[in-house]
Amino acid sequence: MMFARTERLLLRPSWPEDAAELHQAIADEGIVRNLARAPWPYTTEDAVRFATQEHDVHFPSFLMMLRTNGAPRLIGACGIGKFNNDAELGYWIGRPYWGLGFATEASRAVVEIAKAIGHKKLVASHFTDNPASGNVLRKLGFQSTGKTALRHSNGRGIATTCALYERSLEDAVTDDGDMRSARPLGIREYMDRLQAA
């Protein structure tokens, strides 16, 4: 299992005890309508299924946990999925946390994780009526392919036009974000750091 820390977030795999908080965060039609894979309506059973899924080291998914003075708070998810033989970056943010830069911060860390585990390229897309997601992708160094495709959204109940992006991970250029603490950590190193904090 991998973990990463950014300036404000802890990215970690889902655990069974996350299901209730996950359901509360994502069971919002305004979120799911912008996702291609999430079921709608998003039920407690869907949250349990996600929280207990098997973790694939080559296609990791992370919960975004906002680090606070108390217990970390689940504010979204970010990860790498399989799509048409490519590695695809995906993310969502809970509505109270929109517009605060969390998608960019978490995704920047996941891009670095993708490099570390050997992916050569990432693809991504956003529904064309969700330009904020396109802004996130461009900040991460993704380039528009100039193409669109129809993708089904359960939250919309129809297929909708997506703008397609990609990013090579073989270049030497790094993002302007502080990535010193975003490299993937193993469970033992994570626990050691947590105890020392």
Side-chain angles (χ1 to χ4, degrees), residues 1-15 18 22 26 31 34-38 50-51 53-67 72 74-93 97 100-127 130 132-147 149 151 162-190 193:
M1 285 195 268
M2 288 181 279
F3 299 77
R5 285 180 68 168
T6 67
E7 181 182 350
R8 299 176 292 173
L9 300 170
L10 165 65
L11 303 182
R12 66 162 176 82
S14 57
W15 298 325
D18 295 317
L22 173 63
I26 193 176
I31 295 169
N34 288 321
L35 303 176
R37 298 181 184 180
F50 183 89
Q53 69 183 329
E54 189 172 318
H55 300 288
D56 185 335
V57 69
H58 297 291
F59 294 93
S61 61
F62 302 93
L63 295 181
M64 292 180 210
M65 307 300 291
L66 180 62
R67 293 188 289 136
L74 193 158
I75 65 165
C78 189
I80 305 166
K82 296 177 190 176
F83 182 68
N84 291 345
N85 297 318
D86 285 315
E88 180 181 47
L89 176 72
Y91 48 83
W92 63 267
I93 303 289
Y97 305 98
L100 300 174
F102 290 117
T104 303
E105 185 175 331
S107 296
R108 189 171 279 131
V110 172
V111 167
E112 292 301 313
I113 289 168
K115 287 181 187 179
I117 60 181
H119 289 293
K120 304 301 183 194
K121 180 182 83 167
L122 287 175
V123 299
S125 66
H126 68 86
F127 291 114
N130 181 23
S133 193
N135 293 338
V136 169
L137 294 173
R138 286 186 292 277
K139 287 178 190 174
L140 296 169
F142 280 79
Q143 302 293 316
S144 171
T145 65
K147 298 176 183 177
R151 288 190 77 175
C162 280
L164 306 179
Y165 291 75
E166 61 183 36
R167 178 179 166 174
S168 170
L169 301 180
E170 297 181 296
D171 57 11
V173 177
T174 58
D175 296 311
D176 58 2
D178 180 4
M179 290 307 305
R180 290 172 294 182
S181 61
R183 69 176 181 80
L185 303 177
I187 186 82
R188 180 167 290 143
E189 185 178 358
Y190 170 72
R193 286 191 180 191

Closest heavy-atom pair, A51 versus L22, reported as atoms and distance to 0.1 Å, is N-CD2, 4.4 Å

H55 side chain near P60 side chain, heavy-atom distance below 4.5 Å: no

S107 vs L137 side-chain heavy atoms within contact, under 4.5 Å: no

CE of M65 to CZ of F3, rounded to nearest 0.5 Å, is 11.0 Å

Any side-chain donor-acceptor pair under 3.5 Å between T6 and E105? yes

Begin with the C-alpha distance, continue with both residues' side-chain angles, and end with the deciding distance and a verdict on salt bridge (charged side-chain N to carboxylate O under 4.0 Å, His left out) for K120 and D86. CA-CA 10 Å; K120 304 301 183 194; D86 285 315; over 6 Å; no

Measure up the H126 and Y165 rings against each other and bin them: parallel (under 30°), tilted (30 to 60°), perpendicular (over 60°). tilted

Find out whether L35 and I26 are in side-chain contact, i.e. whether some heavy atom of one side chain is under 4.5 Å from a heavy atom of the other. yes

Between L9 and L66, is a side-chain contact (heavy atoms from CB on, under 4.5 Å) present by the stated rule, with each step listed? CA-CA 5 Å; L9 300 170; L66 180 62; 4.3 Å; yes

CD1 of I113 to CD1 of I80, rounded to nearest 0.5 Å, is 7.0 Å

Checking F50 against S61 for the side-chain contact (heavy atoms from CB on, under 4.5 Å) test, could you report, in this order, the C-alpha distance in whole Å, the side-chain angles of both residues, the deciding distance, and whether it holds? CA-CA 10 Å; F50 183 89; S61 61; 4.1 Å; yes

Under 6.0 Å from the six-membered ring centre of F102 and within 45° of its axis: does the NZ or CZ of R8 meet both? yes

Quick one: are L11 and M2 in side-chain contact, heavy atoms under 4.5 Å? no

OH/Y97 to CH2/W92 distance, rounded to the nearest 0.5 angstrom? 10.5 Å

Do S133 and Y91 have side chains that approach each other closer than 4.5 Å (heavy atoms only, starting at C-beta)? yes

Any side-chain heavy atom of R108 sitting closer than 4.5 Å to one from L140? yes

Side chains of S144 and E166: is there a donor and an acceptor less than 3.5 Å apart? no

Min side-chain heavy-atom separation R37-R151 under 4.5 Å: yes

With the threshold set at 4.0 Å, does a side-chain nitrogen-carboxylate oxygen contact exist between K121 and E88? no

Reported CG-to-NZ distance for the pair L164 and K147, which is rounded to 0.5 angstrom: 8.0 Å

Separation between CE of M64 and CG of L74, rounded to the nearest 0.5 Å: 9.5 Å

Ignoring hydrogens and angles, tell me if any N or O in the side chain of D18 forms a donor-acceptor pair with the backbone of W15 under 3.5 Å. yes

Do L122 and F142 make a side-chain contact, defined as non-hydrogen atoms from C-beta onward lying under 4.5 Å apart? yes

The reported gap from CD in E112 to CD1 in I117 (rounded to nearest 0.5 angstrom) is 12.0 Å

